[in-house]
Each structure stands twice: as structure tokens, then as C-alpha cells.
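Here's the structure, in C-alpha cells; my notes come after.
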Amino acid sequence: MIYAIALLPLLLGVVTYLTWFERKFAAILHNRVGPYNVGRPHGWLQAIADVIKLLTKADTVPDASDRVWFRVLPFAAPFLSLASIGLLPASRDLYIWDSP
């Protein structure tokens, strides 16, 4: 469990940088203004703007859906995805969960 707690910030940092590079590449590929020019300094504010945009979007729930599951599962999905990483050993002696 200690290894998982130590690796989580590293994984989140890698994902942050990969997202930043992907946005820069997409801006070059599409010949448009990228996060470097929009989210000064060096595009770091673009991620904050994305979080604010996602938090303030109108949230609609379809009438035919189960409202509880519709609200809970978006929060459970990242947890379940990250929990599956715990099954992958980093080496013979470095693992989060020893699975037979």
C-alpha cells in the first residue's frame, strides 16, 4: 500500500504532462492557437480553465436512467481503473497486491 501511495503522485504527474503535450501537438497539427498562447505561463492555466469549464457545465440526467447510478459511476470509474493497475507488478519484489 505504501508503494501505491508513493506511485500515485508520480502517475498523476505523468498524466498531466502527457495531456499538456497532447494539447500542444493537437494545436500544431490543427494549425490553431494552442495552450502555450492561451494559458499563460506556458499553457499551465489551460488545465485549470478546463476544470472550471467542466464543473460549471449544465448537468442533465436522462429521464429513463437510474439517477443514483448516473451520479455515482463517474466517480467510481477512475477508482476502478486505477485499482486495476495494482495487479501489475513493477518487479519480482515490488508489487501492490500479490495475486496468484
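Position 1 is the first residue of the sequence; numbering continues from there. Atoms considered below: every heavy atom in the structure, side chains included; atoms not considered: hydrogens, waters and symmetry mates.
- In this structure, the separation between OG1 on Thr60 and CZ on Phe70 is 6.5 Å, given to the nearest 0.5 Å.
- Atoms CD1 and CD1, on Ile2 and Ile5 in that order, are 7.0 Å from each other to the nearest 0.5 Å.
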Verdict with reasoning, Leu10 to Leu7, per side-chain contact (heavy atoms from CB on, under 4.5 Å): CA-CA 5 Å; Leu10 178 68; Leu7 286 176; 4.1 Å; yes

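- Heavy atoms only, all atoms of each residue included: Ser81 and Ser84 are closest at O-OG, 2.6 Å.
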